[in-house]
Amino acid sequence: MILTINPGAGSTESKEVRVTELFPMWTEGVVTVDFWLPAAIGVPKLLKVDLEGTMFGIFKDALYIREISILYNRDLYRFPIKNFLYPHSASYNPTEPREGCPPHFLIREGAGTLKHLETEDFIIKARNEDLNMVKSMVKWNNDGEDSTAPALLFPGTLEDMKAADLPRFLQFRDATLDAGEKMRKPGESTVMKNVLKNMVAQFFKTYKVKNFESFDQYCTYLKKTADNMGWEKSTVHETLKMAKIFRQDEEFGRQLLCGPNPWMVRQVSSLEGRWSESTVPDHALEGKSLQQILAEGHLFEVSYYDDLINIPHGGKMSKSLTGTAQTWYMCLAECLLYQRNDGKLVPVLIRLENTNDGELATFWSPPKPEITDLDHPEHLAWLWAKMWFRSADVNHHSLVTHYGRAHATNEVFAVAIYRNLPNAHPIFRLLQPHILGVIAINCQAREIFLKVPESNALACVISAGDNYWLAFDNHYKTFTYDDLIAPEVVKKRGTKHIPEYLFRDDYLSHWEIIQEYVEEIVNLTYPSDEDVTLDAELQNLFEEVVKFGFHGIPNSAGFPRVVKKKEKLTEYLTAIIVNMSTFHAAVNFQVFHCFGYVPNSPSCMSLPPPKQGDTITMDKILKSLSVLEITFFISTVFFGLGTFSPIENFFLGDLGANRQGMIGEIMTIAANQEACVRRLIEKMRQLKEKIDARNVGRYLKYDVLSPVNIPLATQA
């Protein structure tokens with residue numbers, strides 16, 4: 001390694017310092033080196049880092065460098081890097097990226113600085129070189145607002161590139177890749193065995209459809225699969241506990257408030273439009289009139305109509321997986337929910353509409369209280385209606401909430417941040433731990449889950465998978481900046497006073513804690529509002545988010561082109577961090593708990609939705625659910641999606657669970673910045689204690705937003 005202090009500074013530039021010690025390539029460690037420098041070089045402000053390989057080096061790999069610290073005149077100067085550098089030969093000094101790495105690093109010391117406050121030419125020149133190098137490696141996939149508006153709405157992404165070809169600082173670390181392969185291979189192997197078995201059975205005409213004969217059989221199969229695959233028993237146990245009560249209306253309501261898709265509930269002030277075709281039965285409202293409940297503000301709605309409209313039925317991949325071609329029906333679904341006197345939210349009316357086949361909308365309500373036999377046709381009709389609604393829920397979650405809101409939207413921010421904020425920028429150092437991995441995981445998703453329609457993995461799991469892009473197009477017609485602002489979401493949806501809305505409570509707590517942290521960093525960085533306006537690098541970021549990130553989306557989704565006030569900047573940055581961390585954790589890390597047990601959330605239904613007046617039997621319900629091969633694929637995919645990456649860092653560390661916290665991962669390393677981080681961690685610790693106390697005695701705990709369970713970034 002070759003270090004140069006204050007490169008380009010003339011008389012205060014140091015000579016090259018050659019560090020010949022061996023560096024650990026595959027494990028992280030610290031290398032300490034003593035060397036002498038003439039006092040005339042002055043205070044270390046800028047550090048050039050170069051990496052030279054040995055003459056006979058054959059097995060060369062990039063070196064990950066977290067930080068370099070220099071003790072000069074008894075003062076410590078820290079240079080945060082968190083990037084990869086590839087060694088070059090002594091006879092060749094590259095000026096362009098090589099093997100996905102920049103040719104060298106130019107790192108500003110300490111807290112970082114704003115460009116318009118820099119006064120020394122050599123530092124400004126290095127800053128420009130650093131940013132331009134990254135820009136040459138990180139490019140948008142579109143030409144921005146000067147190009148033709150896209151036929152289908154979708155946020156901007158990194159240029160079309162395979163995950164393995166990404167710049168090294170955008171790729172996953174080797175530990176993540178190895179763990180991912182280890183987890184994926186057993187599932188892929190079993191799927192291929194099933195496919196081959198079915199092909200042979202089809203050839204000899206011996207294939208039989210493997211339907212389940214009871215809900216209990218699904219539980220038994222899930223336990224057996226988990227044992228064979230070596231899945232974590234505590235995770236499977238929570239899913240099986242939920243399976244025991246999934247038919248209860250109270251559990252249905254709980255999952256809409258605290259399940260993987262918990263942000264869709266909104267208050268209803270009148271029954272107009274599609275709801276005007278029917279009414280809520282009196283027996284579902286505890287003797288109250290509908291007008292009284294509306295006046296009390298105790299009627300709510302969840303609708304997947306607009307986001308799933310015009311998506312055809314799926315199932316094109318079913319024959320290759322099961323041996324028989326199936327139609328997986330798409331059904332538009334909406335639900336009215338009533339907040340009972342005991343505070344619980346329960347469904348009171350479900351609307352289903354099979355627009356693909358031109359069927360009339362149907363309405364379904366709970367059976368009368370005097371009907372207690374769960375096998376009675378009215379109970380079974382209500383159960384099946386709830387299953388159809390939950391099928392729409394899991395399709396909406398997979399495409400709109402999880403990939404759209406928690407991945408695709410976040411990629412916009414990550415690309416814009418890398419392209420416009422150099423390493424020296426304090427806001428880059430604030431955001432960098434939170435944008436790690438999102439571009440890499442999205443590239444992997446585009447390779448595996450969102451490939452061409454004939455072979456994408458989503459088409460093996462959900463009904464909308466064959467035409468997934470239509471869900472994105474529907475959603476981004478109405479998506480706005482305010483959808484990322486937690487207090488605004490709660491206010492707009494009228495959900496402030498719903499009891500036991502634990503997602504809302506924890507979501508707002510995280511927003512408040514992170515906003516206070518961001519506000520402190522912003523105040524340390526910008527002496528005044530004018531400095532925000534004068535920060536051209538920051539303003540270019542906002543411009544690119546609009547021009548390239550949300551190009552074609554109506555009104556650029558309401559994102560500002562210019563931010564002039566520290567208060568607005570704090571809100572914008574808080575939204576990025578919360579969406580990258582808290583929101584993604586909420587919608588991702590309990591998918592197996594709810595979706596892994598198929599009867600609770602059928603991701604694909606192979607019989608048509610019910611018509612009004614149909615007599616529903618248990619046999620019909622079971623035959624509509626996924627067969628054995630698809631059930632295995634569903635549970636395997638959702639278990640994998642809901643599993644933490646092995647190198648993720650969390651807001652709070654947990655030694656017992658081998659989870660690393662923020663310290664050591666952050667780039668805000670100046671003393672006053674670290675003080676802000678430590679205050680953030682202390683507030684997160686208090687929030688964890690509050691969540692732990694709240695979960696005592698609960699049949700199903702809600703701890704997905706405990707700070708020990710929230711990775712800093714979107715990496716799964």
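Starting from 1, each residue takes its place in the sequence as its number. Scope of the values below: all heavy atoms of this structure, side chains included, with no hydrogens, waters or symmetry mates.
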> Do you know the tightest heavy-atom contact between Phe650 and Pro711?
Replying inline: CD2-N, 3.6 Å

> If you measure from the Lys or Arg side-chain nitrogens to the Asp or Glu carboxylate oxygens, is any gap between Arg678 and Glu682 under 4.0 Å?
Replying inline: no

>> Under a plain distance cut-off of 3.5 Å, with no hydrogens placed, do Gln292 and Glu296 share a side-chain donor-acceptor pair?
In response: yes

>> For a quick check under 3.5 Å, do Asn600 and Gln255 share a side-chain donor-acceptor pair by atom type?
In response: yes

> Going by an N to O cut-off under 4.0 Å, is there a salt bridge joining Arg694 and Asp506?
Replying inline: yes

>> More than 12 heavy atoms of other residues, nucleotides or ligands under 6.0 Å from NZ of Lys244: yes or no?
In response: no

>> Nearest 0.5 angstrom please: Cys460 SG to Phe449 CZ, how far?
In response: 9.5 Å

>> Is it true that, when you exclude Lys492 itself, more than 12 heavy atoms of the residues, nucleotides or ligands shown sit nearer than 6.0 Å to its NZ?
In response: yes

> Passes side chain to side chain contact (heavy atoms under 4.5 Å, CB included), Ile681 versus Arg685? Steps please.
Replying inline: CA-CA 6 Å; Ile681 291 172; Arg685 186 190 62 77; 5.5 Å; no

> Between atom OH of Tyr221 and atom OG1 of Thr631, what is the distance when rounded to the nearest 0.5 Å?
Replying inline: 7.0 Å

> Can you find a pair of side-chain heavy atoms, one from His397 and one from Val591, that are under 4.5 Å apart?
Replying inline: yes

>> Measuring from atom CD of Glu411 to atom CE of Met580, what distance do you get when rounded to the nearest 0.5 angstrom?
In response: 9.0 Å

> Donor-acceptor pair, Glu251 side chain versus Gln248 backbone, under 3.5 Å?
Replying inline: no

> Does the pair Phe212 and Val598 meet the rule for a side chain to side chain contact (heavy atoms under 4.5 Å, CB included), with working shown?
Replying inline: CA-CA 11 Å; Phe212 290 85; Val598 167; over 6 Å; no

> Taking C-beta and beyond as the side chain, do Leu257 and Leu502 meet within less than 4.5 Å on heavy atoms?
Replying inline: no

> Does the Asn410 side chain pair with the main chain of Ala406, one donor and one acceptor, at a distance under 3.5 Å?
Replying inline: yes

> Under the side chain to side chain contact (heavy atoms under 4.5 Å, CB included) criterion, do Ile435 and Phe413 qualify, and how do the steps go?
Replying inline: CA-CA 8 Å; Ile435 61 175; Phe413 303 133; 5.5 Å; no

> Do we see a donor-acceptor contact under 3.5 Å between the side chains of Asp249 and Trp382?
Replying inline: yes

> Parallel, tilted or perpendicular: which describes the rings of Trp263 and Phe583, with under 30° parallel and over 60° perpendicular?
Replying inline: perpendicular

> Counting only N and O atoms by type, is there a donor-acceptor contact under 3.5 Å from the side chain of Ser603 to the main-chain atoms of Val394?
Replying inline: no

>> Can you tell me if Asn523 has over 12 outside heavy atoms packed within less than 6.0 Å of its CG?
In response: yes

>> Would you say that Ile514 contacts Thr574 through its side chain, given a criterion of any heavy-atom pair below 4.5 Å between the two side chains?
In response: yes

> Does NZ belonging to Lys82 count more than 12 external heavy atoms closer than 6.0 Å?
Replying inline: yes

> Do Asn588 and His402 have side-chain atoms, one donor and one acceptor, less than 3.5 Å apart?
Replying inline: yes

> Between the main-chain N or O of Glu665 and the side-chain N or O of Asn649, is there a donor-acceptor pair closer than 3.5 Å?
Replying inline: no

> If you measure only the distance, is there a donor-acceptor pair under 3.5 Å linking the side chains of Trp231 and Ser635?
Replying inline: no

> Hey, is NZ on Lys491 packed in by over 12 heavy atoms from elsewhere, all under 6.0 Å?
Replying inline: no

>> If I take atom OG1 from residue Thr401 and atom OH from residue Tyr304, how far apart are they, to the nearest 0.5 angstrom?
In response: 7.0 Å

> Between Asp306 and Thr478, is any pair of side-chain heavy atoms under 4.5 Å apart?
Replying inline: no

>> Which label fits Trp388 and Trp384: parallel for a plane angle under 30°, tilted from 30 to 60°, or perpendicular past 60°?
In response: perpendicular

> Is there side-chain contact between Leu337 and Val302, with at least one heavy-atom pair below 4.5 Å?
Replying inline: yes

> When you measure from the side chain of Lys368 to the backbone N and O of His283, does any donor-acceptor pair fall under 3.5 Å?
Replying inline: no

> Is Asp227 salt-bridged to Lys224, going by a charged N under 4.0 Å from an acidic O?
Replying inline: no

> Is any side-chain heavy atom of Leu222 less than 4.5 Å from a side-chain heavy atom of Phe592?
Replying inline: yes

>> Under 3.5 Å, is there a donor on one side chain and an acceptor on the other for His396 and Asn261?
In response: yes

> Is there a donor-acceptor pair closer than 3.5 Å between any side-chain N or O of Ser391 and the backbone N or O of Pro602?
Replying inline: yes

> Is the backbone N or O of Met264 less than 3.5 Å from a side-chain atom of Arg493, with the two atoms forming a donor-acceptor pair by type?
Replying inline: yes

>> Determine whether Leu687 and Lys683 satisfy the following criterion, side chain to side chain contact (heavy atoms under 4.5 Å, CB included), listing intermediate values before the conclusion.
In response: CA-CA 6 Å; Leu687 177 59; Lys683 292 172 185 175; over 6 Å; no

> Do you know which of Phe252, Phe595, Phe215 makes ring-ring contact (aromatic ring centres under 6.0 Å, His included) with Phe246?
Replying inline: Phe215

> So which heavy atom on Ala713 is nearest to which on Leu436, and how close?
Replying inline: CB-O, 3.2 Å

>> Could you tell me if the side chain of Trp364 sits less than 4.5 Å from the side chain of Phe389, heavy atoms only?
In response: no

> Are Ser303 and Glu301 close enough that a side-chain donor and a side-chain acceptor fall under 3.5 Å?
Replying inline: no

> Is a side-chain donor or acceptor of Asn579 paired with a backbone partner of Arg405 at a separation under 3.5 angstrom?
Replying inline: yes

> Salt bridge between Glu250 and Arg340, side-chain N to carboxylate O under 4.0 Å?
Replying inline: yes

> Are any of the side-chain heavy atoms of His584 and His407 separated by less than 4.5 Å?
Replying inline: yes

> If you take all heavy atoms of Glu571 and Lys568, which pair is closest and at what distance?
Replying inline: OE1-NZ, 2.9 Å

>> Can you give me the closest heavy-atom contact between Gly259 and Gln590, atom names plus distance?
In response: O-NE2, 3.0 Å

>> Rounded at 0.5 Å granularity, tell me how far CD1 in Ile666 sits from CD1 in Ile669.
In response: 8.5 Å

> Looking just at side-chain N and O atoms, do Thr582 and Trp511 make a donor-acceptor pair shorter than 3.5 Å?
Replying inline: no

>> How close do Val704 and Ala585 get, counting heavy atoms only, and between which atoms?
In response: CG2-O, 3.4 Å

> Checking Glu286 side chain against Asn341 main chain: does a donor-acceptor pair fall under 3.5 Å?
Replying inline: yes

> Does a donor on one side chain and an acceptor on the other come within less than 3.5 Å for Arg429 and Thr668?
Replying inline: no

>> Pairing donors with acceptors under 3.5 angstrom, does anything connect the side chains of Tyr702 and Glu500?
In response: no

>> To the nearest 0.5 Å, what is the distance between CZ on Arg247 and CG on Leu380?
In response: 6.0 Å

> Is it the case that more than 12 heavy atoms not belonging to Lys288 sit under 6.0 Å from its NZ atom?
Replying inline: yes

> Do Ser601 side-chain atoms and Tyr597 backbone N/O form a donor-acceptor pair below 3.5 Å?
Replying inline: no

>> Testing the basics here: between Ala464 and Leu399, what is the closest heavy-atom pair and its distance to 0.1 Å?
In response: CB-CD1, 3.7 Å

